[in-house]
Structure formats: C-alpha cells, structure tokens
Number of protein chains: 2
Amino acid sequence: MAPKHESNQCPMESILGQIMGPWTPYILWLLSNEESLRFGQLSALIPDISAKVLTDRLRKLEASGLVHRDYQPTVPPTVYYSLTDRGAELHEVLQGLNEVALRWDAEDRKKRLIPVTEIIAAE
Amino acid sequence: MAPKHESNQCPMESILGQIMGPWTPYILWLLSNEESLRFGQLSALIPDISAKVLTDRLRKLEASGLVHRDYQPTVPPTVYYSLTDRGAELHEVLQGLNEVALRWDAEDRKKRLIPVTEIIAAE
DNA sequence: CTGTATCCGATATGATACTG
DNA sequence: CAGTATCATATCGGATACAG
C-alpha cells in the first residue's frame, strides 16, 4: 500500500504518520504507565476501540519499532505489549504536546471560549 | 461532522487531530520561516497538494487558532497566512519530533535497516 | 488570485461473527 | 485469550470545472 503522500522534506510527518491514527497516542500513554499490558487489558482500557483497530495499531507500532510484542504460546495464549526504548522516547517527546494541549485548554476555558481540544468535535 | 473518536482522556490527541492531516506539519514549518505566505505561494511550495486540501488544512488551522488569515479585498484579492503565537509554539514543540525522526533515521541507515520514516511507505 | 462545488475512487473505521 | 475474516459505512483525498 502506497502512502497518501511522500517526499515533502518533513521527517516528522513520517513519525506522525505512525502516531497519528486515533487511539495511538493513548496506547503509548497507557503502555508508558506499566511494565507491559496484555491485549485484553488494552482492550478494556480503551472500551470504544474494536479488536480490529487495536490490532492494526499494535501491529503498526510493532513494525516501526515503538512497541514490543511478547507472545507466549500458552493455552490460551498470552501476549504482552510493552514500549521499546524508542517508544518510550517518543512518548517523552509527546509529553510536550500534552502540556501544551492542557495549558491551551485551561486558557480557553478561562476566557469562556470553545477549547481548542474540542474544536474538531464541534465541527 | 463528528470526529472519528472522542473522549479518551488524552489531550494531545486533540492537538494531533489538528496537525495530523498530511501536509499540515509542513505547512506550519513553511509558515515558521516567513512573516507570512499567500495562498498561491503555499500552493507553489507544496506542488502535490490540491487547492481543496490546502484550503481544508488552512481552514482547520485557522479554526483552531494556529494560523491567522489576513484577507485583503483587493482586485484580485490577496490573502496572507501567518502563524499565530500558538501556531509558533506548536511548531517549536514539533521540532522535538523532527529531531527524533532525523536521529532514528540516521541510526537505521547506519545499521542498513529500513528507516523508520519509510516503513509506512513500504507497506 | 483565491478559492468553491461536485463527483469519484481509495482508505479507514466499525460491527459482527468466527477460530487456534 | 488474542486475534482474524468479512462486510457495510464513513471519511478522505484527487481531479476537474467554475466563480467572485
């Protein structure tokens, strides 16, 4: 499958292409709080995600080396997901985004404006 | 239009929802280098983007307060786009992502691996 | 010049059912 | 438990034509 666009001299877009899917930053955040999480735990922590999409996200994160998948062929099988070093580093960088998001939100609410984090939802 | 997902306790996803579209980080980067850019200039600097998508991105960035649109009702009209303070701040934060992307890329190439920034393109 | 309107195909997501 | 398969739907991006 070819990407929707290429070669625009913007390396960060490649990274964003990997974290950009819905739920992905949240998955990274959840994994950053635990040594590891099993598929079912992630599924329970993100009630609105379907198994298919959760699988897609995890496979993509695994392919890009951000998440490690530890498959234990027990019966029934148990699978543990954890952040790789890169995954942890990416999560650290994303904290800057989170702080900005929270601060803007607070500013907007103080001014009784629609918070920037809700603008998309309000479209 | 409703968003694809909501309310997952992850503020940064709201921000990412705004910068996540293809081209958007690049647009922010272009605007960060200039006082302002006109629609046609942006269009020329991003040859592969269609007018429709460029308009969509700019409208979204404007709605979220990241970009300022200065419409001059001359004949023909001239429109200048520039970063707001928030847009500039977001761009700063994104530089961290860019640096990580470039470093990982260099590491992967040294090891003769497929660079992480090309994994999506290789799918 | 700076867009808008429209149609269309590609892609992504969601729901459901099913399996090793 | 941890997914996969399938189908239906929704959204997105691209191309073209056109307008104030």
Side-chain angles (χ1 to χ4, degrees), chain A residues 1-8 13 16-27 30-31 36-63 67-82 120-121 123, chain B residues 1-8 13 16-27 31 36-63 67-82 120-123:
Chain A
M1 173 177 51
K4 289 187 279 283
H5 62 286
E6 311 176 44
S7 70
N8 63 17
E13 261 209 52
L16 285 172
Q18 296 169 47
I19 62 175
M20 156 172 116
W23 316 113
T24 316
Y26 192 43
I27 292 170
L30 291 172
L31 289 176
S36 69
L37 284 173
R38 295 174 59 180
F39 185 88
Q41 292 180 299
L42 282 168
S43 194
L45 288 165
I46 319 174
D48 290 343
I49 201 173
S50 66
K52 190 183 88 168
V53 174
L54 178 56
T55 302
D56 288 348
R57 292 292 175 280
L58 290 170
R59 292 282 179 282
K60 202 164 187 176
L61 289 170
E62 191 190 359
V67 160
H68 174 69
R69 180 173 182 268
D70 178 21
Y71 179 86
Q72 299 291 343
T74 53
V75 184
T78 48
V79 181
Y80 297 92
Y81 291 96
S82 56
I120 291 178
E123 274 174 10
Chain B
M1 174 176 51
K4 289 187 277 283
H5 61 288
E6 313 174 43
S7 66
N8 63 17
E13 259 207 54
L16 285 172
Q18 296 167 48
I19 63 175
M20 150 175 122
W23 316 116
T24 316
Y26 192 43
I27 292 170
L31 290 176
S36 69
L37 285 172
R38 295 174 59 181
F39 184 90
Q41 291 179 300
L42 283 168
S43 193
L45 289 166
I46 318 173
D48 291 342
I49 199 173
S50 67
K52 189 183 88 167
V53 174
L54 179 55
T55 302
D56 288 349
R57 293 292 178 278
L58 290 170
R59 292 283 179 282
K60 201 165 186 176
L61 290 170
E62 192 191 358
V67 160
H68 174 69
R69 180 173 181 268
D70 178 20
Y71 178 86
Q72 298 292 341
T74 53
V75 185
T78 48
V79 180
Y80 298 92
Y81 291 96
S82 56
I120 290 178
E123 275 172 10

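Lettering of chains follows the sequences in order, A, B, ..., and the numbering in each one begins at 1.
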Calculate the interatomic distance between A/Arg69 atom CZ and D/dA2 atom P; express it in whole Å. 10 Å
Which whole-number value in Å describes the distance from B/Leu54 CG to D/dG14 C1'? 14 Å
Identify the pairs formed between an N or O of the protein and an N or O of nucleotides 4-8 of chain C at a distance under 3.5 Å, and give each distance.
from, atom 1, to, atom 2, distance (Å)
C/dT4, OP1, B/Arg59, NH2, 3.3

When rounded to the nearest 0.5 angstrom, what is the spacing between CD in A/Glu13 and CH2 in B/Trp23? 7.5 Å
Per nearest nucleotide of DNA chain C, the residue lying toward the 5' end, A/Asp56 or A/Pro76, is A/Asp56
Below 4.0 angstrom from OP1 or OP2 of C/dT13, is there any side-chain N or O of A/Arg57? yes
A/Ile49 atom CD1 is separated from D/dA2 atom C1', nearest whole Å, by 14 Å
To the nearest 0.5 Å, tell me how far A/Thr24 OG1 sits from A/Asp56 CG. 10.0 Å
Is any side-chain heavy atom of B/Val67 closer than 4.5 Å to one of B/Ile27? no
Selection from D/dG13, C/dG14, C/dC1 that lies nearest to any side-chain heavy atom of B/Pro77: C/dC1
Is the distance from OP1 or OP2 of C/dC1 to the nearest side-chain N or O of B/Arg38 less than 4.0 Å? no
Taken to the nearest 0.5 Å, the spacing of A/Gln41 CD from A/Leu31 CG works out to 10.0 Å
What I want to check is whether the side chains of A/Arg69 and A/Tyr81 have a donor and an acceptor closer together than 3.5 Å. yes
Does D/dG3 have its OP1 or OP2 closer than 4.0 Å to a side-chain nitrogen or oxygen of A/Tyr81? yes
For A/Ser50, answer base if it contacts any base atom (sugar-phosphate contacts may also be present), sugar-phosphate if it contacts only those atoms, and nothing otherwise; contact means non-hydrogen atoms under 4.0 Å. nothing
Length of the NZ-P vector between A/Lys60 and C/dT11, whole Å: 12 Å
Return the value, rounded to whole Å, for the distance between atom CD of B/Gln72 and atom C1' of C/dG3. 16 Å
B/Leu58 atom CG is separated from C/dT2 atom P, nearest whole Å, by 11 Å
Can you find a heavy atom in the side chain of A/Leu45 that is under 4.5 Å from one in the side chain of A/Tyr26? no
Would you say A/Phe39 and A/Leu54 make side-chain contact, with heavy atoms under 4.5 Å? yes
Determine to 10° how strongly the helix from C/dC1-D/dG20 to C/dG20-D/dC1 is bent, judged from the axes of its five-pair ends. 60°
Atom CD of B/Gln41 and atom C1' of C/dT2 are separated, to the nearest Å, by 13 Å
What's the CG-P distance between B/Asp70 and C/dC1, to the nearest Å? 18 Å
How long is the straight-line distance from NZ of B/Lys52 back to CZ of B/Arg57, given to the nearest 0.5 Å? 10.0 Å
